[in-house]
Amino acid sequence: MIMSLKGKVALVTGAASGIGRECALNMAAKGAKLVIADLSLDNSNLVVDEIKKAGGEAIAVNMDVTNEAQVNEGIQKCVDTFGAIDVLVSNAGIQIVWPIEEFPFADWKKLLSIHLDGAFLTTQAAIKHMYAGGNGGRIIYMGSVHSHEASKLKAAYVTAKHGLLGLARVVAKEGGPKGVTANVVCPGFVRTPLVEKQIPQQAAELHITEQEVIKNVMLKDTVDGEFTTTEDIAETVAFLAGFDSTAINGQSIIVSHGWFMQ
Ligand code: NAD
């Protein structure tokens, strides 16, 4: 049975742009109260305004997911404002591409920190409130096909996205008895600012044209040569966020036009 998201409280990190923004707008359209957590309050407030214009409820919080104090404050503000946190979408992420032999250690640490420290810190802060509220919760990590598959130049990203599967499985085991589920949504390539930036970078690194990056690298293994869309991912996240029972737990759902098949 699919539970309505109506009245549920959802916090999405990295919600000022791309996939996170679409997830927030979609859950708000389905009746959830939204907390837009991102680095820039100005950008987050644009999403809040969109939600309010459509008749929904939302606030913005200033949150660098690698900053423990900001994460705790943002999640506390969510609970103080809306009385609970029912859904956490840990989505904030970046991409940095280098061949392994040139990968700056500082870039490696920065990427792992945003994806993994961010997922850990937001989970830890949110799950305490989910346990205390006694109504369970839904934690959704934004993984990637790169949670299951590797690509050249993406040592840090592939490592981080694989790591999220491990975290989700532990949280599923710990949280399950208390009604908290943890799952990973794994998109293929989606044309967001994160991906637009990679096209010229990969063209330069691989000495091919931008069109060739799209056709021969990004979409090469899809069954139909199509990009996944932000709407595809937002619907998958809303499905997991609104799923009534705790039967789906510790799983990853790949949404990639058949690029990777489990
Ligand atoms: P995006 O660049 O459009 O949005 C990412 C958002 O995260 C931005 O608003 C940015 O400000 C925010 N962010 C970055 N660092 C942050 C930090 N330290 N604290 C808080 N917020 C921070 O990117 P996107 O494509 O929407 O990516 C969202 C997620 O989806 C990422 O985890 C990414 O790895 C994942 N993903 C994207 C694709 C794709 O093809 N676009 C595919 C698979 C997975």
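For the single chain, residues carry numbers from 1 onward in sequence order. Just follow the structure's listing: the first ligand is 1, and inside any ligand the first atom is 1.
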Close-range residues for ligand 1, whose non-hydrogen atoms fall below the 4.0 Å threshold: Gly14, Ser17, Gly18, Ile19, Asp38, Leu39, Met63, Asp64, Val65, Asn91, Ala92, Gly93, Ile94, Ile114, His115, Met142, Gly143, Ser144, Tyr157, Lys161, Pro187, Gly188, Phe189, Val190, Thr192, Pro193, Leu194, Val195
Going hydrophobic residue to hydrophobic residue with side-chain gaps under 4.5 angstrom, can you get from Ile51 over to Leu5? yes
Could you tell me if Asn26 and Glu235 have a donor-acceptor pair between their side chains, going purely by distance under 3.5 Å? yes
Residue Gln262 excluded, over 12 heavy atoms near CD under 6.0 Å: yes
side-chain hydrogen bond (donor to acceptor under 3.5 Å, both in side chains) with Asp64: which of Thr66, Asn62, Asn67? Thr66
Please say which of Thr123, Thr122, Asn183 ends up in a side-chain hydrogen bond (donor to acceptor under 3.5 Å, both in side chains) with Tyr141. Thr123
Result block: side-chain N/O donor-acceptor pairs under 3.5 angstrom for residues 157-170, not counting sequence neighbours:
unit_1	atom_1	unit_2	atom_2	d
Thr159	OG1	Ala155	O	2.6
Lys161	NZ	His115	ND1	3.2
Lys161	NZ	Met142	O	2.6
His162	ND1	His146	O	2.9
His162	ND1	Ser147	O	3.4
His162	ND1	Val158	O	2.9
His162	NE2	Ser147	O	3.4

